[in-house]
Amino acid sequence: MLFLAVAEHKSFTTAAAKLDVTLIAVRKAIRHLEQRHAVILFQRTTRRLALTEAGASLYARLRPATEEIGAAFAALGGDLSHRASPTAGSSSATSAKS
């Protein structure tokens with residue numbers, strides 16, 4: 001999740017590089033998240049980026065959840081890049097209903 005990457009690296013630039021997205025996309029996404037929930041998540045200065053109290057609280061709640069999700073996918077094993085297409089999934093679901 002983008003918020004977690006920015007929070008962990010305390011940098012929009014580093015998070016953008018790690019996620020392979022543009023710096024502008026990261027900044028806009030964080031700004032949108034803050035506006036949507038009417039809360040400031042990061043204290044921004046010209047030299048520093050830090051979590052606000054609300055940001056730190058959100059990070060503390062999201063981090064364990066994302067670790068659990070990662071563990072669930074890891075437990076599946078194998079290469080997740082070979083996922084079934086939505087069409088293949090629907091045909092097997094249709095077959096199961098018949």
Side-chain angles (χ1 to χ4, degrees):
M1 178 179 188
L2 194 130
F3 167 75
L4 291 173
V6 175
E8 287 172 2
H9 297 292
K10 307 250 187 316
S11 166
F12 290 125
T13 304
T14 304
K18 295 280 184 183
L19 297 170
D20 197 26
V21 296
T22 66
L23 175 60
I24 293 169
V26 172
R27 289 179 189 246
K28 282 184 178 181
I30 294 297
R31 188 176 327 119
H32 177 73
L33 182 66
E34 289 175 326
Q35 289 172 347
R36 181 176 183 185
H37 296 283
V39 64
I40 302 298
L41 300 170
F42 294 96
Q43 171 111 33
R44 300 156 176 87
T45 67
T46 54
R47 296 182 183 191
R48 190 169 164 237
L49 183 69
L51 287 167
T52 61
E53 187 175 326
S57 176
L58 181 62
Y59 178 80
R61 295 199 61 191
L62 289 178
R63 187 68 196 143
T66 56
E67 288 174 1
E68 185 64 28
I69 291 167
F73 277 110
L76 291 175
D79 183 2
L80 295 179
S81 65
H82 295 94
R83 293 182 234 159
S85 68
T87 308
S90 350
S91 64
S92 60
T94 305
S95 301
K97 290 181 184 177
S98 300

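The first residue of the sequence shown is numbered 1, and numbering continues consecutively from there.
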- Item | Glu68 atom CD, neighbour heavy-atom count above 12 within 6.0 Å |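 For Glu68, atom CD is not crowded (no more than 12 foreign heavy atoms under 6.0 Å).
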- Is Ile69 reachable from Leu62 through a run of hydrophobic residues whose side-chain heavy atoms are each under 4.5 Å from the next?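 Shared cluster, no.
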- If you take all heavy atoms of Ile40 and Ala54, which pair is closest and at what distance? O-CB, 4.0 Å
- Item | Qualifying ring pair (Phe, Tyr, Trp, His ring centres under 6.0 Å) pairs with a residue from residues 1-27, counting only residues at least two apart or across chains | Phe3-Phe42
- If a pair satisfies ring pair (Phe, Tyr, Trp, His ring centres under 6.0 Å) and one of its residues is in residues 13-37, list it, with sequence neighbours excluded. none
Check residues 19-27 and write down every donor-acceptor pair under 3.5 Å in which the side-chain atom is one partner and the other belongs to a residue at least two apart or another chain.
residue : atom : partner : partner atom : Å
Thr22   : OG1  : Ala25   : N            : 3.0

- Task: If a pair satisfies salt bridge (Lys or Arg N to Asp or Glu O under 4.0 Å) and one of its residues is in residues 6-19, list it, with sequence neighbours excluded.
- Result: Glu8-Arg63
- Any pair counted as side chain to side chain donor-acceptor pair (under 3.5 Å), so long as it reaches residues 38-57, sequence neighbours left out: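 The answer is Glu34-Arg44.
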- Item | Spatial distance of atom CE (Met1) from atom OG1 (Thr66) [nearest 0.5 Å] |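 Going from the CE atom of Met1 to the OG1 atom of Thr66 covers 9.0 Å.
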- Atom CG of Leu41 and atom CG of Leu33: how far apart are they, to the nearest 0.5 Å? 5.5 Å
